[in-house]
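Here is the structure we will look at, set down as structure tokens.
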Amino acid sequence: MTDPKDTINIENVVASTGIGQELDLQSVAMDLEGADYDPEQFPGLVYRTQNPKSAALIFRSGKIVCTGAKSTDDVHESLRIVFDKLRELQIQVNEDPEIVVQNIVTSADLGRNLNLNAIAIGLGLENIEYEPEQFPGLVYRLDDPEVVALLFGSGKLVITGGKKPKDAEHAVDKIVSRLEDLGLLE
Amino acid sequence: RLRKWQERIRTKDAGERNLQFALSEIDRMASALGVPRSVREVASVIYRRALKEDLIRGRSIEGVATSALYAACRKEGIPRSLEEISEVSRVERKEIGRTYRYISQELGLEMRPVDPKKYVPRFCSELELSEEVQTKANEIIEKTAEEGLLSGKSPTGYAAAAIYAASLLCNEKKTQREVADVAQVTEVTIRNRYQEQIEAMGIHG
DNA sequence: AGATTACTTTTGAAAGC
DNA sequence: GCTTTAAAAAGTAATCT
């Protein structure tokens, strides 16, 4: 009986920050190696870090979005790299820009197969979305924590929309007890 | 004041014209799909409810009309797949699917997942398969779904595999291609579902 | 008949159309 | 609403060998 909480794995962390300075993305694109910038397509410049692996979207306003990191520590490390790269280009970057985690995507495993049809009825058709013709996962929105869970027939699930790692743990706890109450987890 | 009066009439007329257009589109698509009048009526009711709840704002009339028809077919127990619906609509499959999910949620339609068995009579008759095959296919669907094999699988692919298996068991063999064509799924999907189903049924050959 | 690649769903921020 | 980024889940699909 492994606790489903122990199977939780952070798959992606999205965070936003800013250097407190406006940027000339055209020149940054010229000087920064590996930068992708196509303002016709998207206003942000894309810069990828290798270690840790992530993608940073850098905007004219100096605001930055970092995504793809596997932990909040990795987000900070990735952004530290981005900040240093910008400083190398003689761009002023605030000392310790505030980094706000906007979304954490995690995966977990309930350890047993799920009858999604029964779960759809059990949780209440008005509380879920389950359209296997369009997507194999059952979409379950929780109010507290405010996250969205995708439940699969294998018993694996994805929790997204959370802002702290604890949100996923609480969500898994609630889902497990809910399914146990309904007798749909055995 | 006269201006406002005229404007009201103008918008009322426009709204009336839009409603008539939507209803005629539902009629046209329903005819093309060959669904009974009761389904068109249910679709019309759903469309009017969506209009009343102001769910059409930001969406195309045709998209909402098509989604209403898709929902109505399911509600009446004679589902058409999104693939089939999109063939008679000028709205693409993905848009029909997302609009359907939206109106379904907002109107609280509480749609149950489609039962693959609902596709068996129509697919089997298109394939000219006997009543015996239909019964066998329903048996396969019933039994394997009870064992949890249905979770996450598309109803059309599931039904197609069961029909293919039943046609073999009843010596009325149809090829995977033939079944795939009427169900509008790939042979790969039929193969995958078929393998799971016969294994769960304890059938060989 | 595989294997690969790619698309479906959810989430969040950024700036601009 | 769209555009872009990354990531997981599992099903379906297109394409190539």
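Model, not experiment: these values are computed from the prediction. Note that these values count all heavy atoms, side chains included, but never hydrogens, waters or copies made by symmetry. The sequence lines fix the lettering, A, B, ..., with proteins before strands; numbering per chain opens at 1.
- Partners of A/Y37 under the ring pair (Phe, Tyr, Trp, His ring centres under 6.0 Å) rule, at least two apart in sequence or in another chain, do not exist in this structure.
- Residues meeting the side chain to side chain donor-acceptor pair (under 3.5 Å) test with B/R93, sequence neighbours left out: none.
- Remark: B/E128 does not engage B/K174 in a salt bridge, criterion side-chain N to carboxylate O under 4.0 Å.
- Sorted by first and then second residue, the side chain to side chain donor-acceptor pair (under 3.5 Å) pairs with a member in residues 105-115 of chain B read B/D115-B/K117; sequence neighbours excluded.
- Residues A/L57 and B/R59 both approach DNA chain D. Their nearest nucleotides, taken by heavy-atom distance, put B/R59 toward the 5′ side.
- Side-chain contact of B/Q134 with B/S130: a donor-acceptor pair under 3.5 Å is absent, judged by distance alone.
- Between C/dT11 and A/R141, a contact under 4.0 Å exists linking OP1 or OP2 to a side-chain N or O.
- Annotation: proximity of residues 118-131 of chain A to DNA chain C (heavy atom, distance under 4.0 Å) is found for no residue.
- Using atom C1' as the reference point in both C/dA15 and D/dA7, the two lie 23 Å apart (nearest Å).
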Show me the donor-acceptor pairs, under 3.5 Å and distance only, between side chains in residues 178-187 of chain B and residues at least two apart or in other chains.
unit_1	atom_1	unit_2	atom_2	d
B/E178	OE1	B/T175	N	2.8
B/E178	OE1	B/T175	OG1	3.3
B/D181	OD1	B/R177	NH1	2.4
B/Q184	NE2	B/E87	OE2	3.0
B/T186	OG1	B/T189	N	3.3
B/T186	OG1	B/T189	OG1	3.3
B/E187	OE1	B/R177	NE	3.3
B/E187	OE1	B/R177	NH2	3.4

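- Remark: A/T106 engages A/I8, A/I10, A/I104, A/I159, A/A168 in a side-chain contact (heavy atoms from CB on, under 4.5 Å) (not counting sequence neighbours).
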Contact string for nucleotides 7-17 of chain D, one letter per nucleotide 5' to 3', B = base within protein heavy-atom range under 4.0 Å, S = sugar-phosphate only, - = neither, reads BBBBSSSS---
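- Between the side chains of B/T144 and B/Q197, no donor N or O sits under 3.5 Å from an acceptor N or O.
- With rounding to whole Å, A/Y37 atom OH is found 19 Å from D/dT3 atom P.
- One interatomic measurement links the two molecules: CG of B/L55 to P of D/dG1, which rounds to 13 Å at whole-angstrom precision.
- Applying the salt bridge (Lys or Arg N to Asp or Glu O under 4.0 Å) rule to B/R59 yields no partners; only residues at least two apart in sequence or on another chain are considered.
- Within the structure, ring-ring contact (aromatic ring centres under 6.0 Å, His included) pairs that include any residue of residues 123-174 of chain B comprise B/Y119-B/F123, B/Y164-B/Y194 (at least two apart or interchain).
- Applying the side chain to side chain donor-acceptor pair (under 3.5 Å) test to residues at least two apart or on different chains, the pairs with a partner in residues 47-56 of chain B are B/D54-B/R57.
- Heavy-atom distances under 4.0 Å link DNA chain D to no residue of residues 22-32 of chain A.
- At whole-Å resolution of the value, CZ in B/R191 and P in C/dA3 are 13 Å apart.
- In the region residues 85-117 of chain B, proximity to DNA chain C at under 4.0 angstrom, judged on heavy atoms, holds for B/K94, B/R101.
- Proximity of a side-chain donor or acceptor of A/D109 to a complementary backbone N or O of A/G111 within less than 3.5 Å is detected.
- Side-chain contact annotation: B/T156 with A/E133, donor-acceptor N/O pair under 3.5 Å absent.
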